[in-house]
Amino acid sequence: MLIALVDLLQVLALLLVTSARDPGIVPRASHPPEEDLGQYSAEVGGRQTPGLHFSRTKEVMVNGISVKIKYCDTCMLYRPPRCSHCSICNNCVERFDHHCPWVGQCIGQRNYRYFFLFVSSSTLLCIYVFSISALYIKIIMDDSDSTVWHAMKESPAAVILMAYCFISLWFVGGLTGFHLYLTGTNQTTYENFRYRADNRLNVYNRGCVNNFLEVFCTRVKPSRNNFRAYVQEEVSRSPVPRARETEVDDTTVDPRVKVEDDLDIGGDLLKISQRRNFEEIDEEIRDRGSNGSHDVALDVESVFGSDQQAHMVRPEEQHLSWGTRSVGLEILPEVAAESQGNTRKEAHQ
């Protein structure tokens with residue numbers, strides 16, 4: 001009983017450490033690596049457009065063998081060897097093994113040994129409980145000199161524990177055996193399922209003994225993340241242009257901005273036309289000043305009458321290039337009357 005209790009506490013402690021420990025998350029970069037940027041020239045809209053790009057893969061040396069590493073678009077960095085991006089945690093994890101739904105955590109470089117100890121301890125616990133329950137039924141059979149069925153009726157709890165441990169043993173026992181094989185060959189679950197059919201050379205295999213020593217006897221690297229630190233504000237940077245980006249079409253401009261611009265232009269044209277008409281009237285008054293005030297007054301009225309009629313005619317709503325309507329422009333009657341009165345005074349003088 002004491003052994004089972006100690007083993008149970010050990011399993012729970014290893015489960016807590018596995019789920020709460022940083023698996024080896026690689027901190028994200030705030031911008032793409034600038035040292036790997038290169039120039040390119042892409043044809044956009046019939047002309048060559050310069051831009052920046054970087055290689056999607058790089059080659060690094062591992063145990064004297066060249067290994068390709070990939071660029072992660074989400075984390076904006078080149079993943080270290082044996083690192084992969086977890087789609088559930090949305091993080092790049094060093095020596096990524098798999099994402100365990102029962103633990104609720106990724107299994108990576110910094111918590112793999114605790115995960116293996118958790119699984120193996122669970123296997124030993126199942127074997128121990130199953131054996132003790134079977135031994136207890138055997139003791140009942142010997143004491144009462146009865147059959148197995150009679151002993152199972154005497155202790156139904158032992159039968160339930162045996163059935164539960166027998167079913168669980170297939171899962172945790174099989175998982176323990178599988179990870180023993182992976183540790184002995186220095187593989188991860190991700191590498192075994194992804195590259196098993198390629199028959200590629202395992203550059204990380206250093207022998208069975210050295211592989212076990214690497215997993216269980218090496219010092220765990222410190223976490224690269226400070227989860228207690230305050231979040232830093234990211235510095236805004238100009239986006240890196242890409243080849244597939246095209247020029248912005250004029251149709252993407254907000255139509256309301258275009259309407260406001262057209263109204264401003266229309267107001268400027270109205271002011272210019274009024275100033276132009278006033279200048280023409282002044283010139284005619286100076287030229288015809290000798291003909292008499294009566295004739296000048298009639299000319300002014302005729303000029304203003306025709307000009308006012310031309311501006312008072314409201315044109316139909318004009319259609320812009322994108323189908324937005326702009327209202328026609330006109331001169332206010334008060335402005336026309338005031339300007340006409342001023343002109344008459346100058347003519348009589």
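Residue numbers start at 1 and run along the sequence shown. Side-chain atoms are counted along with the backbone in the values below, which use heavy atoms only and exclude waters and symmetry mates.
- Distance check, rounded to the nearest 0.5 Å: CG of Asn111 to CG of Leu14 gives 11.5 Å.
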Next item on the list: Evaluate salt bridge (charged side-chain N to carboxylate O under 4.0 Å, His left out) for Asp73 paired with Arg56, printing each intermediate quantity in order.
Entry: CA-CA 9 Å; Asp73 293 319; Arg56 309 298 300 177; 2.5 Å; yes
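- Under the 4.5 Å side-chain criterion, counting only non-hydrogen atoms from C-beta, Gln187 is not in contact with Asp97.
- A side-chain donor-acceptor contact under 3.5 Å links Ser66 and Glu59.
- A distance of 6.0 Å separates CD1 in Ile107 from OG1 in Thr18, rounded to the nearest 0.5 Å.
- Note that OG1 of Thr57 and CZ of Arg79 are 12.0 Å apart. Values are rounded to the nearest 0.5 Å.
- Residues Thr176 and Thr123 have side chains that bring a donor and an acceptor to within less than 3.5 angstrom of each other.
- Between Lys221 and Glu94 there is no salt bridge, since no side-chain nitrogen of the basic residue lies less than 4.0 Å from a carboxylate oxygen of the acidic one.
- Here the shortest heavy-atom pairing between Ala151 and Ser146 reads N-OG, 4.3 Å.
- Looking only at atom types and distance, the side chain of Thr183 has a donor-acceptor partner in the side chain of Tyr112 under 3.5 Å away.
- Between Val67 and Tyr204, the closest side-chain pair of non-hydrogen atoms falls below 4.5 Å.
- In this structure, Ser155 OG and His150 NE2 are separated by 12.0 Å, a value rounded to the nearest 0.5 Å.
- Within the structure, the salt bridge (charged side-chain N to carboxylate O under 4.0 Å, His left out) test picks out the following pairs touching residues 203-214 (sequence neighbours left out): Arg206-Glu214.
- Residues His85 and Phe96 place their aromatic rings such that the two centres sit no closer than 6.0 Å.
- Counting all heavy atoms, side chain and backbone alike, Arg110 lies closest to Arg21 at O-NE, 3.0 Å.
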Next item on the list: Would you sort out whether Asn202 and Asn186 count as a side chain to side chain donor-acceptor pair (under 3.5 Å), showing the intermediate values?
Entry: CA-CA 8 Å; Asn202 186 6; Asn186 205 336; 6.0 Å; no
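- Under a 3.5 Å cut-off, the side chain of Asp7 and the backbone N or O of Gln10 do not form any donor-acceptor pair.
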